[in-house]
Amino acid sequence: MSSQQQFESVEKILSKLPPEDHQQIRNVLYGTHTTQLHLPDAETKARDYDLELVSCRFDSAQEQLRAPRVVRVGIFQNKLPLPPNSPIKDQRNALFKLAEKAIDTAATGGVNVFCLQEAWNMPFAFCTREKYPWCEYAESAEDGPTTAFLKELARRYNMVIISPILERDDVHGHTIWNTAVVIDNYGDYLGKHRKNHIPRVGDFNESTYYVEGNTGHPVFQTEFGKIGVNICYGRHHPLNWLMFGVNGAEIVFNPSATVGTLSEPLWGIEARNAAIANSYFTCAINRVGTEVFETEFTSGDGKPAHKDFGYFYGASYIAAPDGSRSTGLSRTRTGLLIAELDLNLCRQIRDHWNFQMTQRLDMYAESLSKAIKPDFVPQIIHKN
Ligand SMILES: NC(=O)NCCC(=O)O
């Protein structure tokens with residue numbers, strides 16, 4: 001199904017309500033504390049580049065002892081500029097050009113930390129189960145062509161850039177990983193995180209290509225806050241979100257690739273719930289459009305073979321620790337969401353709700369250490 005045949009967004013449909021009803025419904029569904037940013041120059045650039053631009057400012061309290069720690073975050077969702085089976089260099093160069101436009105627009109909008117979608121520099125080809133040419137997209141996290149390209153932009157725009165790619169680790173037997181590379185605002189490689197949870201659902205045949213990550217839950221200390229990256233399927237795992245919080249994250253990005261028939265009802269809930277449960281900001285990013293491959297494949301469900309994954313529905317959004325969320329990017333367009341947030345809100349919400357004091361990690365650590373033992377007996381009370 002093409003983007004034209006898809007509905008644009010939930011927000012667009014809600015906006016057809018009478019204004020008073022619309023406001024009340026929005027307050028209940030989205031939280032009350034967001035406003036739009038005034039970004040005329042970024043809007044002009046976005047129009048010139050044919051990018052959707054959505055913006056949002058989250059409220060926080062003015063404190064007496066701490067100055068506000070305001071940062072601007074940009075998240076980018078995109079369609080493939082070329083058909084999936086285009087030559088690798090052409091596809092990658094076209095994606096580089098698109099990313100450069102998005103990063104340029106983000107810089108104009110004052111963005112400090114920018115994140116791309118999962119496996120952003122390639123088609124999401126793991127549905128095919130073909131190794132070639134897709135494995136050829138894998139490259140070094142530290143000094144591959146994508147990292148080299150983004151280092152230059154990070155330096156130019158004084159921006160932290162998170163780049164989720166397919167990583168090839170030459171040192172360890174050319175193993176392949178699903179990895180997010182973090183480049184700091186000086187254009188230096190800061191570190192990487194490898195996807196912890198690999199899907200085993202639908203056509204997400206990712207386990208054919210790479211294994212579960214071995215980097216734990218790193219939190220990257222940047223000049224614009226402490227950030228973590230929970231890659232795609234990790235958003236279904238509350239403990240994955242939890243550990244980034246335990247390590248002190250203030251913003252956790254969730255670069256994803258997911259399709260409507262599988263996950264759309266979950267999408268608005270999971271990253272937002274993680275923001276609430278862990279008192280940090282979350283940024284959920286999904287790709288857009290239908291990627292149609294040359295060779296058909298089956299889903300092992302008795303249905304006919306097909307050539308695409310289904311529709312990647314975009315709808316990227318940002319959620320705050322108080323549970324409020326931004327308007328989403330559309331389901332149909334390549335776009336940039338810029339949000340201004342005060343990192344002080346994380347502690348303000350911790351002090352308010354006290355989830356970190358009530359969460360009883362010690363109790364769960366003990367219970368879980370028993371539950372993973374082969375001789376575990378579930379705690380079930382039977383009538384005598
Ligand atoms: N990329 C990825 O892990 N997708 C799995 C599908 C989903 O989590 O909705």
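Each ligand, and each atom within it, is numbered from 1 in the order the structure gives.
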task: Compile the protein residues with any heavy atom at a distance under 4.0 Å from an atom of ligand 1; present them by chain, then by number.
output: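 Residue list for ligand 1: Glu118, Phe124, Lys195, Pro199, Phe204, Glu206, Cys232, Tyr233, Arg235, His236, Ala257, Thr258, Leu262, Ser263.
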Nearest heavy-atom neighbours spanning Glu139 and Gly144: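 Minimum heavy-atom contact is OE2-C, 3.5 Å.
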- prompt: Picking from Thr215, Asn178, Asp169, what satisfies side chain to side chain donor-acceptor pair (under 3.5 Å) with Arg194?
  reply: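 Exactly one candidate clears the test, Asp169.
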Under-4.0 Å salt bridge between Asp90 and Arg92: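 The answer is no: the pair does not qualify as a salt bridge.
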field: Pair Glu212 + Arg200: basic N to acidic O under 4.0 Å
entry: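 A salt bridge is present here (some side-chain N lies under 4.0 Å from a carboxylate O).
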message: Does Gln36 have more than 12 heavy atoms from other residues, nucleotides or ligands lying within 6.0 Å of its CD?
response: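 It does not: Gln36 CD has 12 such atoms or fewer within range.
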- prompt: How are the rings of Trp353 and Phe355 set to each other: parallel, tilted or perpendicular (split at 30° and 60°)?
  reply: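 It falls in the parallel class, under 30°.
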